[in-house]
There are 2 protein chains.
Amino acid sequence: MDAETAERKVLDTAEGLFDERGVQAVGMDAIRTASGVSLKRLYQVFPSKDLLVEAVLRRRDEAVRAALTGHGARTAEGPYERALAVFDWLAGWFAEPGFRGCAFINTFGELGGVTPVVAGIARDHKEALRAYFAEQTDALGAPPVLADQLALLANGAMAVAGITGSPEPAAQAKAAARVLLDAAPAS
Amino acid sequence: MDAETAERKVLDTAEGLFDERGVQAVGMDAIRTASGVSLKRLYQVFPSKDLLVEAVLRRRDEAVRAALTGHGARTAEGPYERALAVFDWLAGWFAEPGFRGCAFINTFGELGGVTPVVAGIARDHKEALRAYFAEQTDALGAPPVLADQLALLANGAMAVAGITGSPEPAAQAKAAARVLLDAAPAS
DNA sequence: GCATCGGGAGAACGCTCGTTCTCTCGGTCG
DNA sequence: CGACCGAGAGAACGAGCGTTCTCCCGATGC
């Protein structure tokens, strides 16, 4: 096994276990066992658990950003539809088995108060979501606060869907987003 | 010191430390030192850390419910204003020094995947918030989904305010809530 | 064929933490 | 006044975890 596939397997495994149980409840030994990558190799690629956590979050950050824009470009035409498409994407995510909420919200809750790096990654990630909405609302000529409000709906949906285990918040948030978009001045 | 004040001091101290650093990063020894309650007494009142965590969350649940209805009754007249008053209450909370998000969202992220009791308390708490909104929207004759949507805005505001450290989401969510309330049919 | 190098498995180490135990002391009741 | 009870301080214990080390094996180069 070369270093690249080892790194990918470790990141995949760690991401799954962290999502499922939280970060601190997952030992390096569990990651080694579940991934099949030896501890020695694991520490060659990620010299500490903190760095592994960071790497998992950074990779997920990039994946979510790509999925967002990709889903928007694939399924929606125009800024109005692209803003709403975010909530369809959320609906698919919430329905995945084992969904337990947004990794950034959850990890911030667990480590954000003690690990500034984690807090920063979470902040950047949420800012990126807001910026994506802002692209669409700007194109519509809507006031800037609308992007913040759509982001609040999306994040609220993630939090509530994670805690309740229901995918419904996605559809509820989408309907609310439509009302806000329709009520916004200009176009 | 009698058992009652010891219990209160422990709960106060633990709540503060858990909010600040997360649950697992706070040892029983830190709680003993910060509260001045001896370990022996601490374990007499709360036989395990898990039970202490539960007690902290349950007390906070009750306090939030009381604060919500109390603030609504004190500052607002009528269901429309009482629904919006929630966001004013959030604004005050977000502005408190050291605010780091909703304890239930944060603790669910840290422990919800591994501790069903914690997950249940968080679920019940969020359901109570939704139910409070539902009281107001029912009184307005608005469709039931509006209560869920207001709850999404409130929870989104908590999550984003916690992560970004800004109190702005409260005002943004309130403005969005007003739009949703005004757009709802019937009255 | 043999020496060397790299990697895997897992034991070992040091630390932290939840929980319990020990020792001591002050207050109370007879 | 003296014996006992409860409480406080903190040491002690056992487990878990992040990290490192040891041992062994298979592959590679001369």
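Just so we're on the same page: letters track the sequence lines, and every chain starts at 1.
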Peer 1: So which of residues 3-16 of chain A are in contact with DNA chain D, with a heavy-atom cut-off of under 4.0 Å?
Peer 2: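 When residues 3-16 of chain A is checked for heavy atoms under 4.0 Å from DNA chain D, there are no hits whatsoever.
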Peer 1: Of all residues at least two apart in sequence or in a different chain, which pass the side chain to side chain contact (heavy atoms under 4.5 Å, CB included) check with A:A170?
Peer 2: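 Partners of A:A170 by the side chain to side chain contact (heavy atoms under 4.5 Å, CB included) criterion, ordered by chain and then number, come out as A:L90, A:A91, A:F94.
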Peer 1: Write out all pairs satisfying side chain to side chain donor-acceptor pair (under 3.5 Å) with one or both partners inside residues 26-50 of chain A, taking only residues at least two apart or from two chains.
Peer 2: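 Qualifying pairs, neighbours excluded: none.
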Peer 1: Name all pairs fulfilling the side chain to side chain donor-acceptor pair (under 3.5 Å) condition that reach into residues 155-170 of chain B, sequence neighbours left out, sorted by first residue then second.
Peer 2: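 Of all non-adjacent pairs touching residues 155-170 of chain B, those that pass side chain to side chain donor-acceptor pair (under 3.5 Å) are B:K126-B:N155, B:E168-B:Q172.
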Peer 1: Could I get the full list of salt bridge (Lys or Arg N to Asp or Glu O under 4.0 Å) partners for A:D61, not counting sequence neighbours?
Peer 2: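 In terms of salt bridge (Lys or Arg N to Asp or Glu O under 4.0 Å), with neighbours along the sequence ignored, A:D61 is linked to A:R65.
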Peer 1: Only counting residues at least two apart or in another chain, list the ones meeting side chain to side chain contact (heavy atoms under 4.5 Å, CB included) with A:A55.
Peer 2: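 Residues passing side chain to side chain contact (heavy atoms under 4.5 Å, CB included) with A:A55: A:L11, A:F46.
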Peer 1: For nucleotides 6-20 of chain C, read 5' to 3', which letter fits each nucleotide if B means a protein heavy atom sits under 4.0 Å from the base, S means only the sugar-phosphate is that close, and - means neither?
Peer 2: -BB-B-------SBB
Peer 1: Among residues two or more places apart or on two chains, list those pairs meeting salt bridge (Lys or Arg N to Asp or Glu O under 4.0 Å) that have a residue in residues 79-92 of chain B.
Peer 2: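 Listed by first then second residue: B:D88-B:K174.
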Peer 1: Return the set of residues passing salt bridge (Lys or Arg N to Asp or Glu O under 4.0 Å) with A:R60 (not counting sequence neighbours), or none when no residue passes.
Peer 2: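 Applying salt bridge (Lys or Arg N to Asp or Glu O under 4.0 Å) to A:R60 gives A:E15.
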